[in-house]
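FYI, the numbering just counts along the sequence from 1.
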Amino acid sequence: MNEKSRKLLQMKKEQYRLQQKEKAIKETINNMVENVEGFNKKYRFVEENEKIRIKKFVSELEFIDVGQLQVKETCVYQHKNVYLCCLMGDCAVYDIFVFGRYDDFISDYDDWDYISPYLLLIDDDFSHYVYINDYGEIIEQQKG
């Protein structure tokens, strides 16, 4: 195979991989909307600028293993509006972030647990967060 054909094949493979990822994300979004009761009334998907802040925030946290945060000390904080990050599950969930009220996420926990067993709720102040592990234990923390 000549170099031109090899590059074309690599480009086609990458396009296919991106198409499959896009398809998986769309399916996961549809799954969220269909399986979380009242999704469109309580939640919204984040915008690109919010996604950048969320990814930066998550990248600065300490993880023990995939989806498992290193828990240092807990704090008590009155949570209001939060961003939901799924820390485990279908690979598409890592690129999907949802915004809503903390109380709604907690009351709909069973629906969200179905999508990801490890959840991270980041307060809109980007300082406080709640980690929910696969046992459903709620651990409140402050970044820092």
Side-chain angles (χ1 to χ4, degrees), residues 5-144:
S5 296
R6 190 181 336 266
K7 285 182 180 181
L8 182 60
L9 180 61
Q10 283 301 107
M11 186 178 75
K12 293 287 185 186
K13 283 182 180 179
E14 181 62 18
Q15 285 176 342
Y16 179 74
R17 187 187 70 74
L18 291 174
Q19 287 172 344
Q20 292 303 309
K21 183 177 180 178
E22 249 181 67
K23 182 180 175 185
I25 289 172
K26 285 179 184 177
E27 287 174 3
T28 302
I29 287 172
N30 289 339
N31 186 28
M32 286 179 177
V33 172
E34 290 173 8
N35 292 313
V36 176
E37 190 175 326
F39 184 96
N40 289 323
K41 292 179 183 173
K42 299 180 202 176
Y43 308 107
R44 69 169 172 81
F45 294 102
V46 302
E47 297 174 9
E48 197 60 37
N49 63 333
E50 293 170 302
K51 188 181 281 193
I52 292 167
R53 288 186 71 190
I54 293 166
K55 285 185 174 188
K56 182 180 183 309
F57 183 93
V58 172
S59 73
E60 295 170 351
L61 297 176
E62 293 180 45
F63 288 86
I64 300 170
D65 201 355
V66 176
Q68 298 179 7
L69 273 175
Q70 173 69 43
V71 177
K72 293 183 180 173
E73 57 185 71
T74 61
C75 73
V76 177
Y77 181 75
Q78 183 64 39
H79 306 283
K80 294 180 182 155
N81 295 318
V82 294
Y83 297 97
L84 172 77
C85 305
C86 298
L87 298 178
M88 194 170 216
D90 181 325
C91 66
V93 300
Y94 300 120
D95 288 326
I96 301 170
F97 305 102
V98 178
F99 182 78
R101 286 187 27 225
Y102 173 80
D103 293 339
D104 288 336
F105 283 112
I106 297 302
S107 66
D108 294 338
Y109 172 74
D110 289 340
D111 295 335
W112 292 109
D113 182 51
Y114 172 76
I115 293 167
S116 175
Y118 294 95
L119 300 172
L120 178 66
L121 300 169
I122 303 170
D123 281 270
D124 59 0
D125 68 358
F126 283 91
S127 177
H128 299 88
Y129 62 96
V130 173
Y131 169 63
I132 306 174
N133 65 20
D134 60 338
Y135 298 113
E137 296 171 326
I138 297 174
I139 303 161
E140 302 180 59
Q141 297 196 348
Q142 182 171 353
K143 189 174 176 193

Using 0.5 Å steps for rounding, measure from the [atom1] atom of [X] to the [atom2] atom of [Y].
X: W112; Y: L121; atom1: CH2; atom2: CG; result: 10.0 Å
X: E50; Y: R44; atom1: CD; atom2: CZ; result: 4.0 Å
X: H79; Y: I138; atom1: NE2; atom2: CD1; result: 9.0 Å
X: I25; Y: F45; atom1: CD1; atom2: CZ; result: 11.0 Å

Check: Can you list the steps and then say if M88 with D134 is a side-chain contact (heavy atoms from CB on, under 4.5 Å)?
Finding: CA-CA 10 Å; M88 194 170 216; D134 60 338; over 6 Å; no

Checklist line | Ring centers of F97, Y83 separated by less than 6.0 Å | finding: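 No: the rings miss the under 6.0 Å criterion.
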
Notebook entry, point to check: For the ring pair F105 and Y43, is the centre-to-centre distance below 6.0 Å?
Noted result: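 Between Y43 and F105, which both carry aromatic rings, the centre distance is below 6.0 Å.
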
Notebook entry, point to check: Which is it for Q10 and E14 under the side-chain contact (heavy atoms from CB on, under 4.5 Å) test, yes or no, and what are the steps along the way?
Noted result: CA-CA 6 Å; Q10 283 301 107; E14 181 62 18; over 6 Å; no

Check: Name the one of L84, I106, I139, L87 that satisfies side-chain contact (heavy atoms from CB on, under 4.5 Å) with I132?
Finding: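 Among L84, I106, I139, L87, the one that satisfies the side-chain contact (heavy atoms from CB on, under 4.5 Å) with I132 is I106.
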
Checklist line | Chi angles and distances behind the side-chain contact (heavy atoms from CB on, under 4.5 Å) call for R101, N81 | finding: CA-CA 4 Å; R101 286 187 27 225; N81 295 318; 3.6 Å; yes

Is the side chain of [X] donor-acceptor paired with the backbone N or O of [Y] at a distance under 3.5 Å, no angle test?
X: K51; Y: D95; value: yes
X: D104; Y: S107; value: no
X: D123; Y: D125; value: no
X: N133; Y: G136; value: yes

Neighbour count >12 (heavy atoms, 6.0 Å) for atom [atom1], [X]:
X: K55; atom1: NZ; answer: yes
X: Q78; atom1: CD; answer: no
X: Y114; atom1: OH; answer: no

Hey, are the side chains of [X] and [Y] touching, using non-hydrogen atoms and a 4.5 Å cut-off?
X: V82; Y: F99; result: no
X: E60; Y: K56; result: yes
X: L61; Y: Y129; result: yes
X: N49; Y: R53; result: no

Next item on the list: Go through I122 and C85 one step at a time and tell me if the side-chain contact (heavy atoms from CB on, under 4.5 Å) criterion holds.
Entry: CA-CA 8 Å; I122 303 170; C85 305; 3.7 Å; yes

Next item on the list: Could you tell me whether K80 and D103 have a side-chain N and a carboxylate O separated by less than 4.0 Å?
Entry: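 Judged by the 4.0 Å cut-off on N to carboxylate O distance, K80 and D103 do not form a salt bridge.
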
Could you give the side-chain donor-acceptor pairs of residues 31-41 under 3.5 Å, partners two or more places apart or in another chain?
unit_1, atom_1, unit_2, atom_2, d
N31, OD1, N35, ND2, 2.0
N35, ND2, N31, O, 3.1

Notebook entry, point to check: How are the rings of Y131 and Y118 set relative to one another: parallel (under 30°), tilted (30 to 60°) or perpendicular (over 60°)?
Noted result: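 Y131 vs Y118 ring planes: parallel.
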
